[in-house]
Asks: 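Can you keep this structure in mind? I'll have questions shortly.
For ligands, and for the atoms within them, numbers begin at 1 and follow the listed sequence. In what follows, residues are counted from 1 in the order of the sequence shown.
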Amino acid sequence: MQTSESIKPDRVKQPVLAERALAPLGGWHAHDWGVTLTLGQRKLALQAISNDILRLVLCDDSGHIPASTVAVLPDAVQSRAGRCAVEETDEEVTLRLESWTVRIDRQLGKFDVTDSRGSVTAAGMQLFSPATGGVGAVLQAAPATRFYGLGEEAGGLDKRHEAYTMWNSDVYAPHVPEIETLYVSIPFVIRFDAGVASGLFLDNPGKTKFDFRSRFPAYEVSAATGGFDCYLFAGPTLKDVISAYTRLTGRIELPPRWAMGYHQSRYSYETQDEVLALAHTFQDKEIPLDAIYLDIHYMDGYRVFTFDRNRFPNPQQMCDELRDMGINVVTIVDPGVKRDPEYHVYRDGIANDVFCKSVEGDIFIGDVWPGPSAFPDFTDDRVGRWWADQHDFYLQRGIRGIWNDMNEPAVFNETKTMDIEVMHRNNGYPRTHRELHNLYGMLMSKATYEGLAEKLGGERPFLLTRAGYSGVQRYAAVWTGDNRSFWEHMAMAIPMVLNMGMSGIAFGGPDVGGFAHHTTGELLARWTQMGAFFPFFRNHSALETLRQEPWSFGEDIEHIVRKYIRLRYRLLPYQYTLFREASETGVPIMRPLVLEYPDDPATYNLDDQFLVGCDILVAPVCRPDLRCRAVYLPAGTWVNYWTGEHLEGGRHVLVDAPLATLPLFVRAGSIIPVDLGESNRPGQLALEIYEGKAGEVGEGRLYEDDGLTFAYREGRYRDRQLTAEFHPDHVLVRANATHDGYGQADEECLIRMHWRDGTVSEAIGRGSSFEISLNRLA
Ligand code: GLC
């Protein structure tokens with residue numbers, strides 16, 4: 001707790017020391033790959049990676065371009081031969097580098113970057129050396145410019161007037177709007193000016209800052225250590241920018257279907273009997289469940305890659321029994337390996353020289369759950385493989401899902417992390433922890449994911465992580481760490497996960513119900529309603545908090561929670577298709593309205609409601625005792641999911657929201673693939689069609705595969721374009737298989753046409769492609 005003493009007059013900050021601009025422009029030099037500029041004493045290289053990606057990177061002291069971090073996919077930065085044309089005046093130099101134009105003020109060293117369409121990607125950008133060291137850039141913006149992205153941060157959707165520090169941190173509390181660092185660092189921002197978007201990624205895994213406050217409306221990005229390696233992304237749309245950023249840093253892999261279902265966790269389910277009883281309760285109560293998590297109590301003295309034999313006498317038998325019920329086990333795995341000469345993993349780690357060390361060669365030991373522990377140096381691929389091999393322990397017992405926690409890395413000391421002077425191996429290019437801090441968690445996930453992918457014999461791994469850096473989406477889903485059972489935290493999860501999605505992390509979600517503090521029945525009901533529409537859907541709570549399994553607050557709440565978990569499964573074919581789309585394009589599953597309605601200013605900072613794909617609109621109730629809420633419906637016609645009422649958009653509507661009802665809307669004209677079985681085992685497929693205007697053609701997509709293996713990569717999937725042609729008295733529904741490598745040839749699909757008047761007509765579509773006409777009921 002802080003008192004007023006923290007703002008005592010003598011505590012005011014020292015005046016900021018003068019910074020030095022990198023100026024003037026000394027000259028330039030064209031190469032076959034791009035151009036180098038001399039700015040002050042430094043050289044800045046410009047590489048046109050593609051029409052929509054331009055790299056600006058400060059050369060090192062010997063004039064070389066530093067290597068990219070692991071965030072960047074090696075294939076993505078094969079720069080093309082950089083044809084460059086130059087025009088000069090006394091004041092300015094204009095470089096045309098492929099499709100990019102860079103206009104530089106000779107004296108100030110400031111430059112504007114425009115893309116092939118003439119849109120400004122960076123305005124008045126000026127590099128500078130802060131007096132405190134490192135390097136930064138100031139960029140101009142307009143007062144109305146919006147900023148999105150930046151991964152997992154507290155606060156609202158639009159980051160204007162805020163400032164963030166990228167330094168992965170174990171923040172148990174407080175998750176408040178003014179907290180500037182959390183567990184994940186994504187130094188990528190999207191700027192958005194009146195419908196036109198562009199992006200900037202600063203590839204530096206040390207401490208970086210994004211400040212949209214101090215120089216408003218200009219903004220600043222800076223790095224405390226290391227170089228300035230920055231990518232600019234052209235729009236014009238938000239989706240274009242996200243797509244370009246994820247082309248550079250990668251997209252989510254399609255997870256197994258079970259990873260998209262409902263997951264139950266607790267710190268901790270402490271015994272084998274408790275876990276089995278939990279699973280049976282779900283079964284008895286007919287609440288579908290895909291995974292149970294084992295938190296740190298499953299281990300022997302918190303030693304990773306062990307089971308406590310008293311609590312879990314036969315993990316294999318437990319996993320087999322659960323698997324028969326369709327439930328997977330996910331075990332927590334932290335990076336800290338207990339310093340214990342009688343512990344085989346520690347001994348093996350010493351023998352193989354895998355742990356992080358100081359430059360003098362002393363192993364870094366930090367306190368975490370097991371007490372003094374050593375930390376594998378994941379910056380060395382050899383260590384990553386060693387770590388991956390330890391997972392045989394879980395795989396042999398039937399465990400397929402892994403949960404990486406405390407991987408900022410968290411250490412129970414004053415700095416909350418590893419000594420910044422630890423010298424990482426970095427595959428032969430040693431760097432201090434200070435320079436690589438933000439990579440630690442991602443590299444742990446990379447090692448784990450790649451190991452599991454290799455060992456699972458064709459099955460898709462599921463990995464969850466707390467910490468990460470740009471590119472982490474390639475390996476793991478991300479949950480938002482230790483929130484609390486506060487209504488405010490439920491509300492904050494919306495902009496947080498929306499911005500994660502716009503930063504490449506399409507598979508994310510908070511602890512549903514809240515982790516710390518005590519939930520209430522009402523909060524659990526409301527949060528489950530919302531969580532059912534987030535990409536990652538896990539209920540998790542902390543030691544000594546009130547229990548928050550679906551039945552913990554009596555039958556009425558249980559009924560509501562069951563209803564929404566089942567709804568999640570009902571809509572899984574729709575969600576599954578969106579996961580596939582995210583893996584192909586990077587466009588997130590859960591979307592802010594601005595992504596689909598960029599010309600509507602009412603959406604620019606709208607973060608108490610969201611879209612799933614572009615057809616479902618969710619407006620959660622994030623206050624207690626509220627039984628109605630205002631919902632903004634964007635342009636078009638929207639159908640109230642519960643009442644069938646058609647409402648014209650472009651306005652706010654007041655919607656009834658009794659506790660059992662989540663305000664939920666479907667776009668008129670949409671085709672939503674659903675699973676009528678509403679359970680964790682695939683059931684009868686149906687298409688729910690919501691009447692659009694006569695003359696309109698509704699469009700949808702349905703992607704299917706085995707939900708478990710990588711066979712889809714060999715073409716074993718079915719992808720269908722769906723259309724619904726609306727006529728005054730009938731609708732013509734077509735399914736057209738654009739790829740037909742999965743499923744039965746004569747498979748049946750129920751078609752349910754929801755007419756505007758509330759009536760529903762049904763028909764059966766057979767096979768992969770079909771065409772069916774359904775008449776309006778008399
Ligand atoms: C951390 C995690 C939390 C977990 C706990 C015990 O606080 O964020 O999810 O339950 O550690 O492992």
Asks: Among protein heavy atoms, which sits nearest to atom 7 (O) of ligand 1, and what does the distance come to when rounded to 0.1 Å?
Replies: Asp482 OD2, 2.7 Å
Asks: Just heavy atoms, cut-off under 4.0 Å: does Ile332 contact ligand 1 by side chain, backbone, both, or neither?
Replies: side chain
Asks: Does Trp479 have its ring centroid less than 6.0 Å away from the ring centroid of Phe534?
Replies: no
Asks: Ring centres under 6.0 Å, that's the criterion: do Phe378 and His424 meet it?
Replies: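 Ring-ring flag for Phe378/His424: false, centres at least 6.0 Å apart.
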Asks: Where on Trp369 is there a heavy atom closer than 4.0 Å to ligand 1, on the side chain, on the backbone, on both, or on neither?
Replies: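 The answer is the side chain of Trp369.
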Asks: Among protein heavy atoms, which sits nearest to atom 10 (O) of ligand 1, and what does the distance come to when rounded to 0.1 Å?
Replies: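 Scanning the protein heavy atoms, the shortest distance from atom 10 (O) of ligand 1 goes to Asp295 OD2, 2.5 Å.
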Asks: Could you tell me if the ring centre of Tyr262 sits under 6.0 Å from that of Phe537?
Replies: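 So the answer is yes for these two rings.
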Asks: Just distances here: any N/O of His540 and N/O of ligand 1 closer than 3.5 Å?
Replies: yes
Asks: Which of the numbered atoms in ligand 1 are under 4.0 angstrom from any heavy atom belonging to Trp479?
Replies: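 Numbered from 1, ligand 1 contributes 8 (O), 9 (O).
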Asks: Hey, which atoms in ligand 1 end up nearer than 4.0 Å to a heavy atom of Tyr267?
Replies: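 Those of ligand 1 that fall under 4.0 Å from Tyr267 are 6 (C), 10 (O).
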Asks: Examine the proximity of ligand 1 to Tyr293 and report which part, side chain or backbone, both or neither, has a heavy atom under 4.0 Å away.
Replies: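 It is neither; nothing of Tyr293 touches ligand 1.
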Asks: Please find out if less than 6.0 Å separates the ring center of Phe486 from that of His517.
Replies: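 Yes; His517 has its ring centre under 6.0 Å from that of Phe486.
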Asks: Quick one, Arg466 and Trp403 - any side-chain contact, counting heavy atoms below 4.5 Å?
Replies: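 Side chain of Arg466 against side chain of Trp403, heavy atoms only: no contact under 4.5 Å found.
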Asks: Looking at Phe393, is Arg397 sitting on its ring face, NZ or CZ under 6.0 Å from the six-membered ring centre and within 45 degrees of the normal?
Replies: yes
Asks: Given side chains that start at C-beta, do those of Arg311 and Tyr298 come closer than 4.5 Å, heavy atoms only?
Replies: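 No, too far: nothing below the 4.5 Å cut-off.
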Asks: Got the closest protein heavy atom to atom 11 (O) of ligand 1, with its distance?
Replies: Asp405 OD2, 3.0 Å
Asks: Run the contact test for Trp403 against ligand 1 with a 4.0 Å cut-off on heavy atoms, strictly below, and give the result.
Replies: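 Trp403 counts as a contact of ligand 1 under the 4.0 Å cut-off.
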Asks: Examine Tyr293 together with Tyr269 and report whether their ring centres are nearer than 6.0 Å.
Replies: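 Aromatic pair excluded; centres sit 6.0 Å or further apart.
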Asks: Below 4.0 angstrom from a heavy atom of Arg466, which ligand 1 atoms are there? Numbered from 1 as shown, please.
Replies: 1 (C), 2 (C), 7 (O), 8 (O)
